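Values in this document were obtained by computation on a predicted structure and should not be read as measured data.
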Amino acid sequence: MPVEKQAGEAQTSIRAAFLNHLTHTIGRTLENSTPLEQYRALAHTVRDLVMEHWITTVNSYRDRDLRIVSYLSAEFLLGPHLPNNLQNLGLTQDCTAALSTLGLNFSEIAVQEPEPGLGNGGLGRLAACFMDSLATLQVPAIGYGIRYEFGMFRQEIRDGWQVERTDKWLQFGNPWEIPASDACFSVGYGGTVEMVTDESGRLRPLWKPGQCVRGVPYDTPISGYQTNTVNRLRLWKAEAIESFDFQAFDTGDYMGAVREKLVSETITKVLYPSDDTPEGKRLRLQQQYFFVACSLQDMIRIHGVRQRPLNEFHLKWSVQLNDTHPSIGIAELMRLLMDVHDFGWDEAWEVTHKTFGYTNHTLLPEALERWSLPLFAELLPRHLQIIFEINRRFLDDMRQRFLNDDEKMRRMSLIGEEGERSVRMANLAVVGSKAVNGVAELHTELLEEETLHDFYEAFPKRFSNKTNGVTPRRWLMLCNPALAGLINESIGTKWHTELDELRGLEKFAGDQGFLDRWEKTQHATKAELAKYIQSTTGIAVDPASMFDAQVKRIHEYKRQHLNALHILSLYCQIKAQSGLTMTPRTFIFGGKAAPSYKMAKLIIKLIHSVADVVNNDPDVRGQLKVVFLADYSVSLGQRVYPAADLAEQISTAGKEASGTGCMKFQMNGAVTIGTLDGANIEIRKEAGEENFFLFGLTAPQIGDLQRGGYRPRDFYERNPLLREVIDGLQNGRFSNGDRALFAPLVSDLLDRDSYMLLADFDSYSTVQEEVGRAYGDSPRWGRMSVLNTARSGKFSSDRTIREYCRDIWDVPVMSRT
Ligand SMILES: *Cc1c(COP(=O)(O)O)cnc(C)c1O
């Protein structure tokens with residue numbers, strides 16, 4: 001049969017190419033190579049196949065001459081490339097078979113890939129899911145970001161505490177990247193702005209930077225699923241302009257010669273490991289300006305290659321700002337157009353404000369980026385002038401429209417005057433963009449009504465919602481092959497690119513035969529995670545117990561400690577009533593805390609203390625287990641999301657912008673216990689309220705309670721179980737008698753409780769009881785699980801990207817039919 005012959009050919013050629021790379025690229029024989037070397041040979045083999053598509057994509061985009069989407073993001077949390085690229089090429093089975101003819105195991109080789117951890121969490125992962133969907137929908141797009149030499153720290157746990165270790169992901173080279181030395185640019189910092197007369201006799205500002213570095217691009221091909229499209233992720237590395245200063249060297253100053261290289265390269269050394277708390281550090285502003293300045297120069301270069309006049313820049317580019325991190329791009333494009341390309345102000349503004357779109361990612365007021373004015377003036381003096389001028393014109397305009405409402409002008413100004421004067425990056429991003437969006441319905445509503453209300457009143461049409469999504473290729477097909485296989489058998493494969501097709505599963509939700517297979521599949525996936533837990537933590541967990549998972553960054557607003565308080569309350573109940581039985585549960589935690597975030601680190605310690613108490617008490621044997629999985633990452637997520645029965649999405653209502661973890665869980669058939677926050681609201685609406693466990697105060701109720709003088713101590717006094725738990729934390733019952741350990745946590749909860757754990761505790765516990773009962777009723781749970789997957793179609797990032805293309809970027813998507 002011709003099809004089989006083709007498959008055989010693919011196997012043969014993969015095998016030959018692999019052996020060829022092992023010899024010629026790696027310099028080993030099959031017999032004396034390590035799994036890491038075999039991984040590198042295989043990565044090169046697969047990259048070669050991807051590169052062939054890259055070349056054809058470049059040509060096809062040139063012929064179509066479409067607008068290009070430029071996605072600017074300080075973070076891209078990609079996850080391993082190898083299995084994803086193989087899946088996109090449709091070669092997973094051929095590759096596995098080819099390796100096994102050599103006596104090699106594909107999975108053992110694939111786990112060797114170091115994960116490029118170039119992001120903190122949801123925001124960086126969103127950028128990666130978007131790159132996947134853009135390529136799959138064949139939209140011409142370039143992702144621009146920073147090639148951090150050290151990505152997100154590796155998390156180790158010592159005695160229950162988080163310890164940070166450097167992530168040396170580039171140590172053995174990165175076969176997925178290609179340096180593009182033909183597109184290097186220089187980036188200036190500091191110095192002065194002088195007024196000079198140009199050839200035509202005009203007086204104009206000239207920025208003379210005090211320091212210059214060079215940006216070198218490294219390209220990673222991003223393949224689409226079953227298309228020939230391969231897009232480009234271009235990450236910039238900082239280097240010294242003169243990597244070796246010979247003059248200094250000649251005069252004997254060897255150290256001085258190397259110093260400039262060191263200073264320049266520092267800019268892209270390390271990712272800031274903070275999530276939802278910006279660090280107002282000089283180096284961070286240098287990083288942001290560095291990658292934005294390189295990217296805009298690159299876009300202008302490409303624009304020139306396409307032989308387009310610059311006043312058409314916005315017709316050929318749509319630039320999306322992933323949060324405010326790249327928002328300095330607005331001032332930089334103004335500067336490039338005016339100071340380098342001779343545009344007047346109005347001409348430059350016309351292009352600039354039609355180029356950018358801004359995505360807001362946070363409702364936490366403390367997380368809105370501001371830069372101290374003196375720092376900004378020192379590092380980017382010309383940009384500050386431009387921002388002042390944007391602000392002057394903008395406020396003049398607003399003053400006329402809002403009749404000298406001074407309070408409003410103060411709120412809308414790009415410059416904050418309270419405390420130390422600062423540049424407000426969110427205000428700059430809104431004023432300089434054609435479109436502003438939130439990332440879930442509630443989030444956008446709160447932006448419009450509260451956080452950015454003044455701007456919404458001024459430019460209502462600029463605002464829209466784009467609910468986040470995740471790619472079903474990585475987050476269902478790749479991470480849960482067993483479930484994906486069952487779905488393929490039942491409804492075919494169209495859902496791979498049209499996720500709404502999962503609705504076809506609804507008709508099986510009452511079919512006992514199907515539910516049995518669904519449950520068996522789920523059990524096997526849980527057994528795999530159980531093996532991983534055993535091997536990494538030494539803790540034995542039972543795959544028949546309910547897997548109750550909370551994996552995400554550790555943050556007070558996400559309330560991992562509410563989960564921990566509830567586990568302790570179950571423990572206290574079991575201790576108080578011998579013979580009490582409950583649905584057996586395994587609580588699974590994972591997540592990193594920002595290294596400087598004391599309370600988040602204490603929450604990690606709390607989880608480990610709870611685990612110690614619960615896992616080692618014979619009275620609770622067979623009922624409760626608690627595990628913390630260290631070093632949460634995309635690859636670890638790929639193990640946890642598919643194995644969960646229950647997803648914990650328990651943030652304080654009004655604090656989580658969207659969340660995307662919730663979507664990965666739902667696709668894989670987990671049922672959610674959650675508040676009315678972020679995308680939970682839409683997940684519940686899609687799944688049906690009977691298939692979602694809702695608890696807690698709503699965002700307006702949280703607001704009311706806070707304004708009315710919230711007294712957490714009242715809740716503590718009213719609920720005896722809660723009191724027992726908190727007293728236990730205070731008197732050392734859960735910390736081997738150490739009374740000081742959790743004192744900061746307890747006093748925060750009793751005196752402030754900004755995230756309202758105590759107000760929600762009762763409701764959470766009650767609904768958790770209902771969860772336990774539901775899990776005990778297998779047909780009921782199975783039905784809920786199937787319906788969650790069946791109704792997760794909305795949360796494909798393909799849908800999100802289609803909306804951005806239609807409403808913001810104005811670019812066509814390719815229809816696949
Ligand atoms: C999806 C994902 C996140 C985001 O999780 P939330 O639950 O939405 O906060 C963070 N980290 C990784 C590695 C992820 O894959």
Side-chain angles (χ1 to χ4, degrees), residues 157 160-161 539 541 545-550 554 556 558-578 580-591 599-628 646 648 650 652 673 695-696 712-713 715-750 753 755-772:
I157 302 295
W161 295 99
I539 299 170
V541 304
S545 66
M546 182 201 300
F547 278 16
D548 176 337
Q550 187 171 20
I554 309 291
E556 287 167 279
K558 291 178 183 279
R559 301 201 292 192
Q560 282 91 356
H561 45 342
L562 175 58
N563 191 343
L565 292 182
H566 171 249
I567 298 169
L568 286 175
S569 78
L570 295 179
Y571 173 76
C572 291
Q573 283 172 280
I574 294 172
K575 293 302 280 183
Q577 275 173 270
S578 63
L580 179 76
T581 56
M582 45 182 76
T583 303
R585 283 203 209 205
T586 303
F587 294 91
I588 299 164
F589 290 89
M599 192 59 91
K601 290 178 126 174
L602 187 56
I603 291 173
I604 292 177
K605 176 66 178 172
L606 170 67
I607 294 165
H608 283 91
S609 301
V610 173
D612 271 352
V613 170
V614 168
N615 297 347
N616 298 313
D617 188 327
D619 292 352
V620 300
R621 184 164 304 151
Q623 307 207 61
L624 306 178
K625 274 277 161 72
V626 179
V627 295
F628 186 97
L646 185 70
E648 301 269 352
I650 60 177
T652 314
I673 180 166
F695 78 95
R713 218 172 264 276
F715 291 89
Y716 160 83
E717 270 150 20
R718 254 182 271 147
N719 184 331
L721 196 53
L722 178 60
R723 211 163 55 224
E724 187 182 348
V725 169
I726 294 206
D727 290 349
L729 286 172
Q730 213 157 17
N731 65 27
R733 178 176 175 195
F734 309 123
S735 46
N736 298 313
D738 184 343
R739 291 160 164 270
L741 183 59
F742 296 119
L745 184 77
V746 169
S747 82
D748 183 86
L749 289 178
L750 290 178
D753 193 19
Y755 298 98
M756 308 233 152
L757 278 75
L758 303 200
D760 274 347
F761 179 83
D762 213 29
S763 158
Y764 181 57
S765 305
T766 307
V767 174
Q768 281 286 24
E769 257 182 67
E770 172 62 21
V771 169

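- The CD1 atom of I157 lies 10.0 Å from the NZ atom of K605; values are rounded to the nearest 0.5 Å.
- I673 contributes atom CD1, which lies 8.0 Å from atom CG of D548 (distance to the nearest 0.5 angstrom).
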- prompt: Hey, mind stepping through R733 and C572 against side-chain contact (heavy atoms from CB on, under 4.5 Å) and telling me if it holds?
  reply: CA-CA 11 Å; R733 178 176 175 195; C572 291; 3.5 Å; yes

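- To the nearest 0.5 Å, atom CG of residue L562 and atom CG of residue L758 are 9.0 Å apart.
- Atoms CG and CH2, from L602 and W161 in turn, are 5.0 Å apart once rounded to the nearest 0.5 Å.
- The line from CG of L568 to CG of L729 is 6.0 Å long, rounded to the nearest 0.5 Å.
- Looking only at atom types and distance, the side chain of S545 has a donor-acceptor partner in the side chain of T586 under 3.5 Å away.
- In this structure, Y764 has its ring center under 6.0 Å from that of F695.
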task: Could you check R718 against D762 for side-chain contact (heavy atoms from CB on, under 4.5 Å), going step by step and ending with a plain yes or no?
output: CA-CA 10 Å; R718 254 182 271 147; D762 213 29; over 6 Å; no

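- Rounded to the nearest 0.5 angstrom, H566 NE2 and N563 CG are separated by 8.0 Å.
- Checked by atom type and distance alone, the side chain of N719 never pairs as donor or acceptor with a backbone atom of F715 at under 3.5 Å.
- Taking all atoms of both residues into account, the shortest heavy-atom contact from P584 to G622 is CB-O, 3.4 Å.
- By the salt bridge (charged side-chain N to carboxylate O under 4.0 Å, His left out) test, R723 is found to be paired with no residue, residues two or more places apart in sequence or in another chain being considered.
- Summarising the geometry of K558 relative to I650, their closest heavy-atom pair is O-CG1, 3.6 Å, with the distance given to 0.1 Å.
- Among all heavy-atom pairs drawn from S609 and F734, the shortest one is CB-O, 3.5 Å.
- Judged as a side chain to side chain donor-acceptor pair (under 3.5 Å), the pairs with a partner in residues 613-624 (not counting sequence neighbours) are, in order, Y571-D617, K575-D617, K575-D619.
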task: Quick one: do V771 and Q768 satisfy side-chain contact (heavy atoms from CB on, under 4.5 Å)? Show the steps, please.
output: CA-CA 5 Å; V771 169; Q768 281 286 24; 3.8 Å; yes

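- Screening residues 559-572 for salt bridge (Lys or Arg N to Asp or Glu O under 4.0 Å) gives R559-D760 as the qualifying pairs, with residues at least two apart or on separate chains.
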Step-by-step side-chain contact (heavy atoms from CB on, under 4.5 Å) determination, D612 to H608: CA-CA 6 Å; D612 271 352; H608 283 91; 5.7 Å; no

